[in-house]
Amino acid sequence: MAIKFEQVSYSYKAMDGSVFSALKDISFDIESKGEFITLVGETGSGKSTLVQHMNALIQPQTGSITIYGIKIDKTTKKNKKIKLNPLRQKVGLVFQFPEYQLFEETVEKDIMFGPKNFGVSEADAKERAKTVIKMVGLDESYLKRSPFNLSGGEKKRVSIAGILAMEPDILVLDEPTSGLDPKGRDNLLKLFKEIHKEVDNSVVIITHDMNTVYKYAKRVLVMNSGELVYDGSPERLFFEGDLDKWNLDLPEIIEITNKLQEKLNIKFDEKPKNVDQLFELVKGALR
Amino acid sequence: MNIIEIKDLSFSYRKNTPVLKNINLNIKKGEWVSILGHNGSGKSTLSKLIMGLLKANEGEIIVDGIPLTEETLYEVRSKIGIVFQNPDNQFVGVTVEDDIAFGMENLEIDREEMVRRIDLYSKKVSMNEYLKKPPHQLSGGQKQRVAIAGILAMDTDIIIFDEATSMLDPKGRDSIMEQIRELKEDGATIISITHDMKEAVYSDTIVVLKEGEILASGDAMDILNNKEVLNASNLELLLPLKLLHKLDEANINNEEMRDILWQLSLNK
Ligand SMILES: Nc1ncnc2c1ncn2[C@@H]1O[C@H](COP(=O)(O)OP(=O)(O)OP(=O)(O)O)[C@@H](O)[C@H]1O
Ligand SMILES: Nc1ncnc2c1ncn2[C@@H]1O[C@H](COP(=O)(O)OP(=O)(O)OP(=O)(O)O)[C@@H](O)[C@H]1O
Ligand SMILES: [Mg+2]
Ligand SMILES: [Mg+2]
């Protein structure tokens with residue numbers, strides 16, 4: 001078990017003393033290998049708050065989280081003996097807003113920061129920067145640019161590159177594809193899947209895109225008003241889940257297949273997962 | 001009538017690296033135009049030039065008959081509201097309420113009317129319970145909703161949405177689309193920058209940028225059905241049209257099927 005949440009609750013305190021309960025009694029586990037999880041749920045449901053617990057950026061107020069054998073709870077902050085830094089390398093977190101992550105004067109320095117911080121040599125970190133910048137679809141010339149003078153999607157890519165360069169055991173990505181062009185979105189999702197297959201790591205992706213969930217996830221978590229309301233397969237979620245209540249919708253392929261069946265007044269034998277499969281079914285029906 | 005005319009516009013942030021090259025574009029009053037294109041193609045830069053936040057190296061921008069110059073800057077800006085790509089860039093106030101009010105203050109809208117609109121638009125984006133909260137303590141999607149409310153409340157003739165719904169949940173996105181449709185019905189001109197082809201379906205026309213140049217422009221559905229253009233700028237076919245193209249490639253011609261797939265691509 002890499003990460004274990006046990007009855008975790010977390011509230012934000014406002015300056016006027018009011019309290020907002022963002023996570024309520026959350027329990028679940030993430031394995032260190034073989035997981036490809038998407039985390040979904042309506043705006044403000046607690047997704048970003050939840051993933052910031054996964055590398056101990058935020059610590060629970062009640063309950064505990066065990067990350068690679070280290071127990072994190074409300075006493076952790078005061079306990080000087082617990083070193084959180086190594087956890088940040090093991091669990092790499094890409095923020096929802098790349099601006100929160102970029103701060104160096106060049107893209108290269110930004111990407112090198114993480115690896116160097118975890119003991120990688122200057123020369124090796126430089127090599128890694130060259131490798132990862134291409135992985136996210138940008139050429140080497142970007143390394144000399146300032147991370148602040150980039151387009152929105154370019155910033156997003158650089159922020160992802162910075163975490164990939166740390167080669168974390170668990171890769172956690174908070175809306176990594178928002179702001180990416182469609183081809184960039186597909187390429188990056190494929191990249192995460194490839195890395196996942198190659199090094200057998202675990203991946204957690206927050207998204208509002210149900211197509212991503214259906215196409216890539218082995219397991220889906222749904223948050224709603226601070227509660228974890230679903231933990232299971234994408235198929236069960238989309239064919240049996242309470243999508244309206246959770247402000248979710250159907251992946252396009254299911255929606256279009258349903259509407260086609262309705263309009264043609266037929267029923268396909270199978271549930272297609274992509275447009276190629278749907279094409280075969282339609283071809284059969286038109287014959 | 002053209003509400004925006006762009007003539008031979010060129011711009012670069014750095015020497016010898018032009019970001020926009022010789023852009024010519026007319027936008028009609030009351031039109032909804034989507035600007036599409038790969039990351040870094042120049043969409044946000046174009047929107048900032050129209051707002052006068054950046055200064056063109058060459059060319060001319062005319063808004064509602066007024067050529068954009070240093071003298072006319074404020075007059076032109078008062079006609080345009082822009083929802084920035086990063087909502088944090090829009091927040092200046094201590095509370096959500098202040099932020100929604102900010103744009104209206106610049107337009108010198110009177111107090112009573114401001115209060116009315118804050119109430120109306122915060123409800124429209126479902127953020128009325130957060131009015132006293134500091135904007136930086138909101139979730140990503142909540143920030144986008146507040147940014148949208150602030151611009152809608154200004155009630156300008158032209159509204160630019162720069163990927164304004166990129167972090168909204170599916171239902172939230174639908175509801176914002178519905179409101180943009182209402183704005184258009186009320187006569188507003190909409191410029192929407194997006195990577196979401198399903199959003200682009202709602203627009204009248206589409207402009208596709210590639211490496212700082214206009215690769216194609218025209219009727220929305222013509223562009224969304226043009227595989228070559230879409231591929232060239234990292235975009236994609238809508239799922240029903242993808243299926244239609246596959247049927248065409250396999251020489252399967254069925255009129256009923258074609259009709260159905262076109263309707264589905266129009267979200268019908
Ligand atoms: N720093 C903060 N102070 C107070 N409240 C906060 C803070 N950050 C988040 N919240 C509140 O906690 C709730 C959960 O926020 P969180 O960012 O985890 O949501 P989310 O599921 O990631 O949403 P989104 O999809 O919009 O990004 C929201 O209602 C938000 O307003
Ligand atoms: N402040 C800046 N200084 C220098 N170059 C910049 C600056 N802002 C953007 N650029 C460059 O200008 C080009 C166009 O950027 P722009 O932000 O207009 O792209 P965009 O089409 O909005 O992309 P995205 O879809 O990623 O938001 C990009 O190559 C980018 O690197
Ligand atoms: Mg979030
Ligand atoms: Mg942009």
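Protein chains get the first letters and strands the later ones, always in sequence-line order, with residue 1 at the start of each.
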Of all heavy-atom pairs between B:Met257 and A:Leu286, which one has the smallest distance, and what is that distance?
CG-CD1, 4.2 Å
Within 45 degrees of the axis of the six-membered ring of A:Tyr12 and under 6.0 Å from its centre: does B:Lys133 put its NZ or CZ there?
no
Spacing of CG belonging to A:Asp249 relative to CG belonging to B:Asp174, to within rounding of 0.5 Å:
7.0 Å
Using side chain to side chain contact (heavy atoms under 4.5 Å, CB included), reason through B:Glu256 and A:Leu264 one step at a time and then give a plain yes or no.
CA-CA 9 Å; B:Glu256 188 196 359; A:Leu264 294 168; 4.2 Å; yes
Check step by step if side chain to side chain contact (heavy atoms under 4.5 Å, CB included) holds for B:Leu261 and A:Leu260.
CA-CA 8 Å; B:Leu261 289 175; A:Leu260 264 180; 4.2 Å; yes
How far does NZ of A:Lys155 sit from CD of B:Gln85, to the nearest 0.5 angstrom?
8.0 Å
Taking every heavy atom of A:Thr43 against every heavy atom of B:Gly141, the minimum-distance pair comes out as CG2-C, 3.5 Å
Lys/Arg-Asp/Glu bridge criterion (N-O < 4.0 Å) met for B:Lys242, A:Glu252:
no
Is there a donor-acceptor pair closer than 3.5 Å between any side-chain N or O of B:Asn234 and the backbone N or O of A:Arg185?
no
Under 3.5 Å, side chain of B:Asn39 to main-chain N/O of A:Glu154, donor-acceptor pair present?
no
The test is side chain to side chain contact (heavy atoms under 4.5 Å, CB included); show your working for A:Phe97 and B:Lys143 and say whether it passes.
CA-CA 11 Å; A:Phe97 289 94; B:Lys143 285 180 181 175; 4.0 Å; yes
Checking side chain to side chain contact (heavy atoms under 4.5 Å, CB included) for the pair A:Glu99/B:Asp88: CA distance, chi angles, key distance, verdict?
CA-CA 10 Å; A:Glu99 286 80 2; B:Asp88 282 328; 5.9 Å; no
Give me the atom names and distance for the closest heavy-atom approach of A:Glu175 to B:Ser166.
OE1-O, 4.3 Å
Nearest-0.5 Å distance that lies between atom OG1 in A:Thr257 and atom CG in B:Leu239
7.5 Å
Atom group of B:Arg173 that falls short of 4.5 Å from chain A, counting heavy atoms
neither
Roughly how far, to the nearest 0.5 Å, is CG of B:Leu168 from OG of A:Ser178?
10.5 Å
Is any side-chain heavy atom of B:Lys246 closer than 4.5 Å to one of A:Asp276?
yes
For B:His195 versus A:Asp181, what's the shortest heavy-atom pair and its separation?
ND1-CA, 3.4 Å
Testing the basics here: between A:Lys263 and B:Ile260, what is the closest heavy-atom pair and its distance to 0.1 Å?
CD-CG2, 3.7 Å
